[in-house]
> 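Got a structure here, written out as structure tokens. Questions coming.
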Amino acid sequence: MLLLASSAKGVCALLFGESAAALEEQLRQRFAAARLTRDDTGLGDWLSQVLAQIEEPRRAARLPLDIRGTVFQQQLWRALQQIPPGQTRTYGELAAQLDSHPRAIARACASNPLGLLVPCHRVIASDGRLSGYRWGLERKAALLKAEALAQDEPW
DNA sequence: CAACACCAATTGG
DNA sequence: CCAATTGGTGTTG
């Protein structure tokens, strides 16, 4: 199940979870100070764009994003968005790019509230294997496979 | 503020 | 294969 949340400025969260209740809980934790209002219809348009992107990774959804986070996180997330579908970076590469440390990269990825929209699943370990994923390695592997596949397809 | 714990890593022994 | 190290962040005193 999927939860899409937005602020006045844009999409601020895209989470996976077991149930609606579990998702709301995640959301509440991530934005403790926010006043949450439910909107089952207004976000439908954005949501459908997100879903379309999942099926066609190369069509990156151009949604307004409202990314809340530290400077470091924003740098990383911006860097992640530069990674084209079907490609991957290692924690080490990103660390070098941001003049930081792999462990810090991982930590920042793990706190990315924008599942899919910030392609944190394109980050892999230095030996080329998948390491971890907030919403399950299964999902990470599936996403990467889908993207790699879409890359081969002639458009 | 400082101290501490928590990790989706990496490197060296 | 294990352990030591490392850095950003949230929590706690």
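Every chain is numbered from 1 and lettered A, B, ... according to where its sequence line falls, protein lines coming before strand lines. This one's a predicted model, so the numbers in the text were calculated from it and none came from an experiment.
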> Base, sugar-phosphate, or nothing for A:Y91, non-hydrogen atoms under 4.0 angstrom?
base

> Only one of A:L14, A:D45, A:V11 clears side chain to side chain contact (heavy atoms under 4.5 Å, CB included) with A:V50; which?
A:L14

> Under 4.0 Å, heavy atoms only, any strand: does A:A110 hit a base, just the sugar-phosphate, or nothing?
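Contact class for A:A110: base.
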
> How close or far is atom P of B:dA9 from atom CG of A:L130, stated in whole angstroms?
12 Å

> Run through DNA chain C and report every stem of 3 or more consecutive Watson-Crick or G-U pairs, distances under 3.5 Å, ordered by first number.
B:1-7 with C:7-13, B:9-13 with C:1-5

> So if I take every side-chain heavy atom of A:A104 and compare against C:dG7, B:dT10, B:dA8, which nucleotide ends up nearest?
C:dG7

> Honestly, is A:R139 close enough over A:Y133, meaning NZ or CZ under 6.0 Å from the six-membered ring centre and within 45° of the axis?
no

> Side-chain N or O of A:S111 less than 4.0 angstrom from OP1 or OP2 on C:dT9?
no

> Need to verify one output field. Residue with the more 5' nearest nucleotide on DNA chain C, A:R103 or A:T70?
A:R103

> Please determine, for the side chain of A:R107, which listed nucleotide (C:dG7, B:dA8, B:dA9) has the closest atom?
C:dG7

> Of all the choices, B:dA8, B:dT10, C:dG8, which nucleotide is nearest to the side chain of A:F72 once you look at every atom?
C:dG8

> Of the listed nucleotides (B:dT10, B:dA9, C:dG7), which one gets closest to any side-chain atom of A:A125?
B:dT10

